[in-house]
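Notes to accompany the following structure.
All chains are named by letter (A, B, ...) in the order of the sequence lines, taking the proteins before the strands, and each is independently numbered beginning at 1. Side chains are part of it too, since the values below use all heavy atoms of this structure and drop only hydrogens, waters and symmetry mates.
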There are 2 protein chains.
Amino acid sequence: MQTTTTLEYALLGLLRQKAQSGYDLRKTFATTAMRHYSDSPGSIYPALRRLEARGWIADRGEASTEPRDPRKRRIFALTEAGLKALVAWIGEPVTRDEVVLREAALMLRFAYMDGNVPRSVACRFLADFEREKAAYVAELRAQFEEMRSKFPLHTGVLAFQSGIEQMEAQLSWARSARARLAESVS
Amino acid sequence: MQTTTTLEYALLGLLRQKAQSGYDLRKTFATTAMRHYSDSPGSIYPALRRLEARGWIADRGEASTEPRDPRKRRIFALTEAGLKALVAWIGEPVTRDEVVLREAALMLRFAYMDGNVPRSVACRFLADFEREKAAYVAELRAQFEEMRSKFPLHTGVLAFQSGIEQMEAQLSWARSARARLAESVS
DNA sequence: GTGCACATGTAATGTGTTACATGATTAT
DNA sequence: ATAATCATGTAACACATTACATGTGCAC
């Protein structure tokens, strides 16, 4: 059992919303806020074939017996196994490691929660996120204050400050989002 | 002439601050806010050898004639060519592409400005950064408002909001940092 | 009928990851 | 003595990037 890349989960999540072709997926990556993921054919198509090989997605035209023309549009859809894998990934616990190093994957998981897991899971996710993030920010802030006292206008210190302020923005987003979600649950 | 990775520039910048060994550099990546960069030997040592091959860094012990024991501590220092390459990279114009897709590289360049380029360059950098970032956020915000009006509590929309709020935090950081730097210039 | 967007794919290349290997030095 | 840390390195592997290749369908 090999590991699954964030790109692969990104594709799974999009296919969960709607069965579509590799080209459609590329367009989404190229034109929406998911720009972060590469829209190059050299990344998308091989990733789709890996998912197909694992049985997580399937080509709808597969049923037909005649040899498939590789130049024809192929529409992919999530299989049951694929949905199971996606939901399992979404529900994984929030670790410090992810908060520190794999931010993008965390946000993607949260973005894909709607329609796949109950809202209470999203609330729980945010609570864990807040806890881990707050702990990490506190650590960084200690380092930062020490640096700032020595070199108040050093660009390195300013860059550091930017990172911290971004994390604090995330923290306050998480708190407000959780409050709003919690309201809608009750 | 091949491209230079962000990791390679990160190493150059650290060596600019202080001549040191690969192990020292790994420690920095492992323990400071530069965690983002891998501290694995499989990334650092090959990167150092690439930089050495390009003549951007040099082993201080190179002068000695006897065959070098590969298990001995090697202290690397920036060469003049390396400093030139670093300064050229730092001074590159801020492009929309970098703002949208290569955030980390941008912040690294800014962090390394102190001591390598005049403060006026840092101010200019921030001004360009603000312009490109503001334009991009405005685009995203248009998409976002449309989504929000349809699905106010969708986790995908909330995740999108988090991204926008982070960018806005960066924007206000840039404005405040620029004001402070501008004061110190005059 | 020429050009463009659609649509899928392959090949070469380079880099990061993981795991392993080696030996020196320091602390207990 | 022995364990941990210092210190550098290699090898296998997978993935993303870039560039290229191929062909369809539509608009003008």
Side-chain angles (χ1 to χ4, degrees), chain A residues 1-12 14-15 19-31 34-54 57 59-62 67-76 97-98 100-102 104-105, chain B residues 1-12 14-15 19-31 34-54 57 59-62 67-76 97-98 100-102 104-105:
Chain A
M1 188 85 171
Q2 19 213 30
T3 56
T4 306
T5 64
T6 310
L7 172 63
E8 284 164 359
Y9 282 122
L11 293 169
L12 279 187
L14 289 176
L15 290 175
Q20 54 193 307
S21 71
Y23 193 80
D24 294 332
L25 294 162
R26 287 180 59 202
K27 286 276 130 164
T28 298
F29 289 152
T31 63
M34 294 182 83
R35 263 167 200 81
H36 172 70
Y37 299 96
S38 164
D39 68 325
S40 81
S43 66
I44 305 281
Y45 293 114
L48 287 172
R49 257 179 298 144
R50 288 195 297 272
L51 292 172
E52 202 183 13
R54 260 181 265 180
I57 65 176
D59 184 344
R60 279 181 167 178
E62 221 176 33
R68 196 177 49 70
D69 179 350
R71 297 277 145 62
K72 280 269 164 59
R73 189 176 163 81
R74 299 182 66 189
I75 305 294
F76 290 101
D97 193 64
E98 239 181 334
V100 172
L101 295 172
R102 285 191 299 277
Chain B
M1 189 83 172
Q2 19 213 30
T3 56
T4 306
T5 65
T6 311
L7 172 63
E8 284 164 0
Y9 283 121
L11 293 169
L12 279 186
L14 289 176
L15 290 175
Q20 54 194 306
S21 71
Y23 194 80
D24 294 332
L25 293 161
R26 286 180 59 204
K27 285 277 131 165
T28 297
F29 288 152
T31 63
M34 295 183 84
R35 261 166 202 80
H36 172 71
Y37 299 96
S38 164
D39 69 325
S40 81
S43 66
I44 304 279
Y45 293 115
L48 287 172
R49 256 178 300 143
R50 289 196 296 273
L51 292 172
E52 202 182 12
R54 258 180 267 180
I57 65 176
D59 185 344
R60 279 180 169 178
E62 220 175 32
R68 194 178 49 73
D69 179 351
R71 297 277 144 62
K72 279 269 165 60
R73 188 176 163 82
R74 299 181 67 190
I75 304 294
F76 290 101
D97 193 65
E98 239 180 335
V100 172
L101 295 173
R102 285 192 299 276

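Within the 4.0 Å cut-off from OP1 or OP2 of C:dC6, not a single side-chain nitrogen or oxygen of A:Arg26 is found. Not one side-chain nitrogen or oxygen of A:Lys27 sits closer than 4.0 Å to the OP1 or OP2 atom of C:dA7. When the side-chain nitrogen and oxygen atoms of A:Arg50 are compared with OP1 and OP2 of D:dA16, one or more of them lie within a distance under 4.0 Å. Listed pair B:Tyr45 / D:dT8 meets the phosphate criterion, a side-chain N or O lying under 4.0 Å from OP1 or OP2.
Checking each of B:Leu7, B:Thr4, B:Leu51 against B:Leu12 for a side chain to side chain contact (heavy atoms under 4.5 Å, CB included) leaves exactly one that passes, namely B:Leu51.
Atom C1' of nucleotide D:dC6 and atom CZ of B:Arg74 are separated by 16 Å, given to the nearest angstrom. In this structure, CD of B:Glu52 is placed 13 Å from C1' of D:dT8, rounded to the nearest angstrom. Note: CZ (A:Arg49) to C1' (D:dC15) measures 14 Å, nearest angstrom.
At the heavy-atom level, B:Gly22 lies under 4.0 Å from the strands shown only through sugar-phosphate atoms. Among the protein residues, B:Ile44 comes within range of no part of the nucleic acid, since none of its heavy atoms lies under 4.0 Å from any strand.
Of the listed nucleotides (C:dA19, C:dA7, D:dT17), C:dA7 has the atom at the smallest distance from the side chain of A:Tyr23.
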Applying side-chain contact (heavy atoms from CB on, under 4.5 Å), run through B:Leu48 and B:Leu25 and close with a yes or a no.
CA-CA 10 Å; B:Leu48 287 172; B:Leu25 293 161; 4.0 Å; yes
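If you check the side chains of B:Thr6 and B:Arg102, you find no donor sitting under 3.5 Å from an acceptor.
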